[in-house]
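Please read the structure below before turning to the comments.
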Amino acid sequence: YNLTNLWICDQNGTLMDNSYQAHITSAYSYTDFAYPIRLIGDLSDGGVDENGNGLFDHLRVSLGVVATNNGTCIAEARLVDGNGTDIASASNRSWIEGSMPQEMILDFEGVRIYGSLSDGPYHVRDLYVYQTRDPSCKDYRQDAYATGHYNYTDFERSGVFISGMKYEDLNGNGTRDKDEPGLPGWT
């Protein structure tokens, strides 16, 4: 880093001395300085079947964090398919003890994964972690993680079903009467 344009003034604001190239520091990485919160280690994933029906209600992604101070932390990310199409987003708010590596969890909704009709692996993108006391100081990974392989059919389906019968409306009244047959190939 270069310290440039250094001006030294007295208590009245009178310029006492100045230097354009005042000092060049040794090399530093941003990780050498204090951080409010940081992602650590590798991420992991697994399906969670909460109701025991054999389908995953969530795709759980676990991540390690360490914070300088105790406080409420937020993790948030997007889940995309292999083409980069958004599937779901997740966020979690957790109390983190300062200076202790801890796990945070992001649960992506299974019905959204099923609804994407895309098999995995899925990709965790735009992963942020930050403390609520200073949301401007975030740790971020753009392409954070690729999950294991999943079929979209491994996940819970939506509770919405559409049913009915297509029929020939012989009298044109818009209602199916007893004598109006269903059309073959339609249910």
Side-chain angles (χ1 to χ4, degrees), residues 29-31 33-166 185-187:
S29 170
Y30 74 95
T31 59
F33 298 95
Y35 55 90
I37 189 165
R38 187 174 62 193
L39 289 160
I40 57 170
D42 296 325
L43 282 70
S44 62
D45 66 273
V48 177
D49 179 10
E50 293 176 343
N51 57 14
N53 68 354
L55 298 172
F56 298 136
D57 297 283
H58 302 283
L59 175 60
R60 177 164 289 168
V61 175
S62 301
L63 50 125
V65 298
V66 64
T68 304
N69 299 306
N70 296 348
T72 302
C73 296
I74 295 178
E76 53 189 24
R78 298 182 306 127
L79 189 71
V80 301
D81 66 16
N83 296 318
T85 303
D86 281 334
I87 295 174
S89 61
S91 66
N92 185 7
R93 178 185 211 98
S94 299
W95 178 263
I96 300 294
E97 297 292 329
S99 303
M100 294 177 50
Q102 291 165 76
E103 179 183 65
M104 289 187 76
I105 292 171
L106 292 173
D107 281 337
F108 295 96
E109 291 181 65
V111 293
R112 292 193 174 271
I113 296 170
Y114 181 87
S116 75
L117 305 178
S118 296
D119 292 332
Y122 304 109
H123 302 273
V124 177
R125 298 262 171 90
D126 298 325
L127 171 60
Y128 289 93
V129 293
Y130 57 93
Q131 285 190 308
T132 55
R133 74 175 68 201
D134 189 358
S136 66
C137 291
K138 301 177 181 186
D139 199 357
Y140 171 74
R141 290 186 190 166
Q142 182 176 9
D143 295 312
Y145 181 68
T147 71
H149 179 78
Y150 297 91
N151 294 317
Y152 74 89
T153 56
D154 296 337
F155 293 90
E156 194 71 51
R157 291 147 182 79
S158 171
V160 176
F161 297 95
I162 299 174
S163 65
M165 171 80 59
K166 186 164 179 111
W186 295 87
T187 58

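Worth knowing before you read on, the calculation uses all heavy atoms, side chains too, and leaves out hydrogens, waters and symmetry mates. Model, not experiment: these values are computed from the prediction. The chain is numbered in sequence order, starting from 1.
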Between [X] and [Y], what is the shortest heavy-atom contact and its length?
X    : Y    : result
M100 : Q102 : O-NE2, 3.0 Å
V124 : A77  : CG1-CB, 3.7 Å
I40  : P101 : CD1-CB, 3.5 Å
L55  : D49  : O-OD1, 3.0 Å

Note, [X] side chain near [Y] side chain (heavy atom, < 4.5 Å):
X    : Y    : answer
R125 : D143 : yes
Y145 : L63  : no
V61  : L127 : no
R112 : L79  : no
T85  : V80  : no

Item to check | D107/L59 under side-chain contact (heavy atoms from CB on, under 4.5 Å): CA gap, chis, key distance, verdict | outcome: CA-CA 6 Å; D107 281 337; L59 175 60; over 6 Å; no

Any donor-acceptor N/O pair, [X] side chain to [Y] backbone, under 3.5 Å:
X    : Y    : answer
T147 : Y122 : yes
H123 : A146 : no
N70  : G98  : yes
D126 : R78  : no
D57  : E50  : yes

Checklist entry - If you measure only the distance, is there a donor-acceptor pair under 3.5 Å linking the side chains of S118 and D81? => result yes

